[in-house]
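Along the sequence shown, the residues carry numbers beginning at 1. None of these values were measured; they are calculated from a predicted model.
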Amino acid sequence: MEKALERTSETSRVIVSMLRQRMSAVAERHQDRLEVRESMHWIGWRSASRDRVFAEMRPHRNKVEVFILPARRQLKDPRKLAKAAPVTQGWGWFRTRFDIVSLDQVGPAFHLIRQSYEHGLKRDNGGTPRRRRRSGQTSL
């Protein structure tokens with residue numbers, strides 16, 4: 001099966017590669033690992049420790065379309081890249097989308113993706129639920 005990055009432009013491949021390097025470093029600082037899943041049309045990034053997808057990318061010939069978890073109003077976005085995501089995207093989990101059309105936008109895009117990663121690390125923001133011990137119950 002053909003993968004998403006094989007069907008796109010060199011610029012889109014470089015954009016995704018640069019973002020992946022930066023996000024891998026952020027995950028390592030959190031004692032986490034960036035898991036990447038790729039299909040013919042999309043690339044999903046997941047936090048291994050939280051078992052939570054925090055970004056989805058769709059590389060095209062002239063841009064990389066990105067979907068992230070937090071709503072626009074929750075983001076620090078001085079470049080105003082973020083737009084509301086369609087409700088149908090990512091089972092309604094991804095609330096924001098933006099396009100990266102040049103290498104100049106990699107820095108601002110990375111900051112938005114990092115905010116989504118950190119949003120996904122917070123308790124009660126999806127992912128595998130953590131079992132809570134009942135009061136009076138002890139661990140073995």
Side-chain angles (χ1 to χ4, degrees):
M1 178 169 79
E2 192 175 31
K3 301 287 186 178
L5 286 174
E6 294 169 5
R7 306 174 54 229
T8 190
S9 70
E10 182 63 26
T11 301
S12 291
R13 283 191 287 276
V14 170
I15 288 169
V16 172
S17 175
M18 290 172 72
L19 291 170
R20 183 176 177 174
Q21 278 184 314
R22 291 179 183 196
M23 277 312 306
S24 291
V26 169
E28 283 180 26
R29 284 194 294 271
H30 286 274
Q31 286 79 46
D32 196 357
R33 184 174 34 88
L34 178 68
E35 292 182 347
V36 179
R37 302 231 168 93
E38 187 177 355
S39 82
M40 192 164 118
H41 301 288
W42 54 264
I43 301 165
W45 286 356
R46 167 188 291 289
S47 159
S49 69
R50 276 294 281 148
D51 192 27
R52 178 71 159 109
V53 173
F54 61 89
E56 180 180 299
M57 281 164 257
R58 294 174 178 252
H60 302 282
R61 290 192 193 284
N62 58 351
K63 68 181 179 182
V64 176
E65 189 176 20
V66 181
F67 296 88
I68 58 176
L69 296 171
R72 283 184 314 168
R73 68 182 179 281
Q74 295 175 293
L75 295 167
K76 292 178 183 164
D77 181 21
R79 288 272 192 93
K80 306 285 188 225
L81 292 177
K83 312 253 183 289
V87 180
T88 57
Q89 182 60 40
W91 304 280
W93 288 12
F94 296 119
R95 306 200 39 219
T96 302
R97 68 169 296 281
F98 57 92
D99 295 332
I100 308 169
V101 296
S102 72
L103 294 174
D104 293 340
Q105 293 179 321
V106 169
F110 163 72
H111 290 294
L112 293 174
I113 295 168
R114 189 185 78 220
Q115 289 174 69
S116 182
Y117 170 78
E118 291 168 351
H119 177 83
L121 291 180
K122 293 178 188 170
R123 189 176 210 72
D124 300 325
N125 274 332
T128 304
R130 305 287 187 226
R131 267 186 98 165
R132 294 179 65 185
R133 208 179 300 145
R134 292 183 196 160
S135 62
Q137 195 177 27
T138 60
S139 62
L140 299 175

Side-chain ([X]) to main-chain ([Y]) donor-acceptor, under 3.5 angstrom:
X	Y	answer
Arg7	Met40	yes
Gln105	Val101	yes
Ser49	Asp32	no
Arg46	Asp51	yes
Glu38	Ala4	yes
Ser9	Arg61	yes
Arg52	Gly120	no
Gln115	Lys76	yes

With rounding to the nearest 0.5 Å, note down the distance linking [atom1] in [X] to [atom2] in [Y].
X	Y	atom1	atom2	result
Leu5	Ile43	CG	CD1	3.5 Å
Glu10	Thr8	CD	OG1	9.5 Å
Arg95	Leu69	CZ	CG	9.5 Å
Asn62	Asp99	CG	CG	8.5 Å

So if you build clusters from Ile, Leu, Val, Met, Phe, Trp, Tyr with side-chain heavy-atom gaps below 4.5 Å, do Leu19 and Leu103 land together?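 Same hydrophobic cluster.
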
In this structure, which one of Trp45, Phe67, Phe94, Trp93 forms a side chain to side chain contact (heavy atoms under 4.5 Å, CB included) with Phe54?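 Result: among Trp45, Phe67, Phe94, Trp93, Trp45 is the only option passing the side chain to side chain contact (heavy atoms under 4.5 Å, CB included) with Phe54.
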
Inspect the contact between [Y] and [X] and indicate whether a charged nitrogen and a carboxylate oxygen are less than 4.0 angstrom apart.
X	Y	answer
Glu118	Lys122	no
Arg72	Asp77	no
Lys63	Glu65	no
Glu6	Lys3	no

Should we say atom CZ of Arg20 is surrounded by more than 12 heavy atoms from elsewhere, each under 6.0 Å from it?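 Check fails, neighbour count at 12 or below.
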
